[in-house]
Each structure stands twice: as structure tokens, then as C-alpha cells.
Number of protein chains: 2
Amino acid sequence: MTEQTAPTTAAGEPATARGEQTRQLILDTAMRLFRERGYARTTMRAIAQEAGVAVGNAYYYFGSKEHLIQEFYAHAQAEHRATAGPVLARETDLAARLAGVMHAGIDVLTPSHSFAASFFKTAAEPTSPLSPFSAESSGPREAAIGLFAEALDGSTARFDPELRPHLPELLWLAYMGVVLHWVYDRSPGQARTRELIDGAVPLVDRLVGLSRLRVLRPVTRQVLDLIRTLRH
Amino acid sequence: MTEQTAPTTAAGEPATARGEQTRQLILDTAMRLFRERGYARTTMRAIAQEAGVAVGNAYYYFGSKEHLIQEFYAHAQAEHRATAGPVLARETDLAARLAGVMHAGIDVLTPSHSFAASFFKTAAEPTSPLSPFSAESSGPREAAIGLFAEALDGSTARFDPELRPHLPELLWLAYMGVVLHWVYDRSPGQARTRELIDGAVPLVDRLVGLSRLRVLRPVTRQVLDLIRTLRH
DNA sequence: CGAGCCACTTGAACACGTTCAAGATGTCGC
DNA sequence: GCGACATCTTGAACGTGTTCAAGTGGCTCG
């Protein structure tokens, strides 16, 4: 269904106060039901009924069931920024800043872990507008990468300056790996993922520092060459 | 639907020659249609009709539409092994062996790139039996990891022996990253992914060799500690 | 105050994956 | 040959996401 043509733009934005209200009502109801029953077991009919509107009305505001998730996505992104703010204002150590940003991201996602898996399913599809690599997601993606740029620039860490242009994106990619782990993490409270962050961040910190080392210069160059090749 | 209880076992294996034949017929038809029209646009009704059987008959042999993909999955795994065989018999250089295994994997997948994306969508769901990390996939997964163990052991490369127990799985993980890139790769013939392999393999080769370096001993330890922590 | 317009709302209808009770087909023991 | 049993095979029916032609309501302009 989504295979041929993924919807490129969301359904119409509301133009009146009444519309805005209905839209919010449907969205809130959907999020509540998703959390209560999970994504798959929440039907569009149930959402409409609980919200007291017709099924077609939900489709007036949201192009598909997936688009309801996209809202959640954007919301989480904004919350991530807000939650990471204090840490970035306080810490100067790179490891602390990175850990802060990553933990903040997981903090925001945690209450939704149960249905984030289904969310992830559709997000994983390359043609889906929900994909973190898609053009439609470029806004939130850039914002997230910016968060890592900020974590980097506000720190006292020293590293090979050649790395600077690409490091934020690499860190974001590592964070995507963490999120991937989190999605699959069945340990209570996703504690395993917390351990992953706490273990991986010092490692990354150390590697970044090592980039100043002479022996590793060729490796750094090789990494950068690879990135440049892939980028065109 | 798959959210609550993912089907743990495939539908009944055929017990008669007739059954085996019907099963094969349905499978071949499905694969043909998947390639022709893509996964989403191929309906179970179409498969049944083209195969000349009733819709319910397909469900007698395959628990769901996803299970049809699982067949493809297993088949590709076996083919990967076969395709990688000659390279592993010929080469002794680690980089050449790794590149051989990875290129062989992509070779096998390439004809199915168009519908592998949809395949990937369901495989990405953590609760899906199709997930490369799932218990149901442990057979193919172990086989794939074994392929990398073989690539490692048959090579002349030297590295920190402490790495040996974990390296095959790490290499497999890197390969999963390559596959992920391939799925998203829209360049003609997925040439970009080939470049990724050719660029990343020498890098991995070099890093593995560097593990013997004194300065990097702490980093190696840190990596191994992290892995051990995550593994329990 | 009325006509026209636009934003919104409705719910029946559609196509799809999936289920299942009923039947058809073969095979084996006697 | 024949009954009994396991192995298939059938297609109508169900629940789902989604569409769309037909409304409904309130606002503006004259």
C-alpha cells in the first residue's frame, strides 16, 4: 500500500478553531489508546468512537493511521530538545554531554516503549515518510543532529579538527543505533540500553580523543574518505 | 495483529508428494508476483488465483503472507553460503575474504531489491519471527555469523586473541549495517553499497590489525567489557 | 436577511489479510 | 473392494484500514 506512493504531505491543516479542537481530540484519543492497547490492536473505528467522531473525520485530519504516529514523532523530538537542555547548559565534559543527550532521548521515549515497536516497524520502511532518513523527517533529523553538534561544540574536548564537519552526524548515527537497541530491548525498564549508553559513550569519547594521535591519522583519513565517497 | 502473539511455528509441512508440489507451486508463484509487482501490491487472492488454488490453500502451507517471505529469507541464506564458498577457498587475506563474503551476500539479495524493502519492514519489527535477532531466525543468523568466523579463521591476519570470541558476531553486525544501507540505497544497482563495502572493509581490516597495538589495548578492553556487559 | 461558499462531518462501501467449517482426495488394513 | 483415517482443498465470511459522495453548519457579502 505504502509501496508505490508514500503520502508526501499530511492531510489538511485545520483552518478554524473548531477544526483545531477536533484534530487535537482525535490525536489525544489515539495516543491514549495506543498506549493502552498498543498500536496494532487500536482500530481507527475505536479511535473515532472514543473521540465521538466519524471514522472519516479522522482521515480528514490524518492521512493514515501512520500519520498519527508522525505527530508523536515530532512531539518526542521537541521534548528531547527540552529535556537535554539543562545538561547541555551545565556540563562541559564531552562524555557527560553525550550521555546527557542520549539518556534524555531515551527518557522521552520510555513511556511509549510498548507501542514504539510498531511505530518502528513502519518507520523502518525506506519509502515511509516516517523513516528517520527520509526527506519528510529532515526537520526533526537536522534538529537531532544539531543537538549533537551542540554537545560537541560546548565541550572542552579536543580532537582532529578534520572530524568536526562529520562528527555530529556520526554521533547521531550512533544514537540511532542506541535507539535501535532500545526498540529491541526487553530488559525491565530497558536497563540494558542504559548500560549500553554508559558503556559506549566513554568509548566514543576516548576514540574522539585518540583522533589526535599520530598513528591513527591514516585511520581517521580513511574514515573521512569513506564518508565523503558515500556522500557523493 | 502480530503485536500480541507472533506465530511461533510455520504452518504444517506437507506430508505427501502432492502436498509438496502444491506448496512449491504456491511459493514459486508468490515469489514471481512479488518480484513483478512488489510485496504490498501482490494480494493473497492474486497468488492463489495465479497458482490455480483457493486462497485458503495458501494458508494451509504458509501461516501468513509474511511466512512466504521467511522462505525467501532461508533460501537467500543458503545461497549466500554457496556464493561465498569459492572466495573463502581461494583468498587468504582477511580484507579480501571479508569483502568476498559481504559482496556475495549483496549479490544474492540484489535481484530482489525492489521488494526486499517491504520484506525489511516486517523483518524490522522486534516481535516478528523474521527479525534477524529473533529466536526463530537463530538458525540462519548462526550460519551467517559462522561465515564470518570462517572468513576470520582462514585468513593470515593477526590480532588481539581476546577479540576472537566476539569478532565474528561484530563482523556480522557490521554486515547487518551494510544490509541496512543496501535496503535504503537508491543508487543505480545499489552501487553506493558496493562502495561502502569496499571502503569499510579495509578500515575494519586495519582496525582489527591495530588491536595488537599497545596504546589501543585499553580501548580493546573497553569494547570487550561493553560487549560482556550487554550479554549479561 | 438570504445566497453562496468553504470548512468540516458523516457512514456506507471497498479491498485486503485472515479464519474456519465443510467437503474432496488419497491411503492403509482387512 | 471397502471402511476409516489423515491429508489436503475449498470459498464464504469476518475485521481491518481506507475512500468518497453526500451532507451540515457557520461565515461573509450584498
Side-chain angles (χ1 to χ4, degrees), chain A residues 1-7 10-27 29-30 33-34 37-70 118-119 121-122 125 128 130, chain B residues 1-7 10-27 29-30 33-34 37-70 118-119 121-122 125 128 130:
Chain A
M1 218 130 281
T2 48
E3 194 165 32
Q4 184 76 328
T5 55
E13 291 296 303
T16 69
R18 174 170 62 123
E20 182 55 40
Q21 206 172 343
T22 307
R23 187 191 140 92
Q24 235 356 277
L25 174 64
I26 292 169
L27 189 54
T29 308
L33 292 184
F34 286 165
R37 318 180 180 175
Y39 179 74
R41 307 212 308 180
T42 302
T43 69
M44 291 301 283
R45 284 168 179 79
I47 294 171
Q49 185 170 358
E50 288 270 316
V53 300
V55 129
N57 203 1
Y59 282 91
Y60 180 77
Y61 291 105
F62 303 95
S64 72
K65 198 179 171 187
E66 288 189 21
H67 278 86
L68 282 164
I69 297 181
Q70 203 160 27
S118 337
F119 162 122
K121 171 179 178 171
T122 73
E125 176 153 40
S128 166
L130 283 173
Chain B
M1 214 129 285
T2 49
E3 194 166 28
Q4 183 76 326
T5 55
E13 291 296 303
T16 69
R18 174 170 61 121
E20 181 55 41
Q21 207 170 343
T22 307
R23 187 192 140 91
Q24 236 354 279
L25 173 63
I26 292 168
L27 189 54
T29 309
L33 292 184
F34 285 165
R37 318 179 181 177
Y39 178 74
R41 307 210 308 178
T42 302
T43 70
M44 291 300 283
R45 284 169 179 79
I47 294 171
Q49 185 171 356
E50 288 270 317
V53 301
V55 128
N57 204 2
Y59 281 93
Y60 181 79
Y61 292 105
F62 303 95
S64 72
K65 198 179 173 188
E66 287 189 21
H67 278 86
L68 282 164
I69 297 182
Q70 203 160 27
S118 339
F119 162 121
K121 171 180 177 171
T122 73
E125 175 153 40
S128 166
L130 283 172

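A quick note: this is a predicted structure, and the numbers were derived from the prediction, not measured. Just so it is clear: chains get the letters A, B, ... in the order the sequence lines come, proteins before strands, and each one is counted from 1.
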Which whole-number value in Å describes the distance from [X] [atom1] to [N] [atom2]?
X: B/Met44; N: D/dA13; atom1: CE; atom2: P; answer: 20 Å
X: A/Arg41; N: D/dG17; atom1: CZ; atom2: P; answer: 13 Å
X: A/Arg45; N: D/dC14; atom1: CZ; atom2: P; answer: 14 Å
X: A/Gln21; N: C/dT9; atom1: CD; atom2: C1'; answer: 15 Å
X: B/Ile26; N: D/dC8; atom1: CD1; atom2: C1'; answer: 11 Å
X: A/Glu66; N: D/dT18; atom1: CD; atom2: C1'; answer: 12 Å
X: B/Lys65; N: D/dT16; atom1: NZ; atom2: P; answer: 19 Å
X: A/Leu68; N: D/dT18; atom1: CG; atom2: C1'; answer: 13 Å

| request: Decide if atom CD of B/Glu20 counts as having more than 12 heavy atoms of other residues, nucleotides or ligands within a radius under 6.0 Å. | output: yes
| query | Who passes side-chain contact (heavy atoms from CB on, under 4.5 Å) against A/Thr43, sequence neighbours left out? | reply | A/Arg45, A/Ala46
Heavy-atom pair with the smallest gap, counting every atom of [X] and [Y]:
X: B/Ala30; Y: B/Ile47; result: CB-CD1, 3.9 Å
X: A/Gly19; Y: A/Tyr61; result: CA-OH, 3.1 Å
X: A/Arg41; Y: A/Arg37; result: CB-O, 3.5 Å
X: B/Ala51; Y: B/Leu25; result: O-CD2, 3.3 Å

| message | Counting C-beta onward and ignoring hydrogens, is there a side-chain heavy-atom pair between A/Lys65 and A/Phe34 closer than 4.5 Å? | response | yes
| Heavy-atom distance under 4.5 Å between the side chains of B/Gln70 and B/Phe62, does that happen here? | no
| query | At how many degrees, to 10°, do the end axes of the helix from C/dC1-D/dG30 to C/dC30-D/dG1 meet when each uses five pairs? | reply | 10°
| Qualifying salt bridge (charged side-chain N to carboxylate O under 4.0 Å, His left out) pairs with a residue from residues 47-60 of chain A, counting only residues at least two apart or across chains | A/Arg32-A/Glu50
Which atom pairs link the protein and nucleotides 9-12 of chain D when you take only N or O atoms and keep those under 3.5 Å?
residue, atom, partner, partner atom, Å
D/dT9, OP1, B/Arg18, NH1, 3.4
D/dT9, OP1, B/Thr22, OG1, 3.3
D/dT9, OP2, B/Thr22, OG1, 3.4
D/dT9, OP2, B/Asn57, OD1, 3.4
D/dT9, OP2, B/Asn57, ND2, 3.4
D/dT9, OP2, B/Tyr61, OH, 2.9
D/dT9, O5', B/Asn57, ND2, 3.4
D/dT10, OP2, B/Ala54, N, 2.7
D/dT10, OP2, B/Asn57, ND2, 3.4

| message | I want to check one thing: is the phosphate of C/dT19, taken as OP1 and OP2, less than 4.0 Å away from some side-chain N or O of B/Tyr59? | response | no
| Should A/Thr16 be listed as having a side-chain N or O under 4.0 Å from OP1 or OP2 of C/dC8? | yes
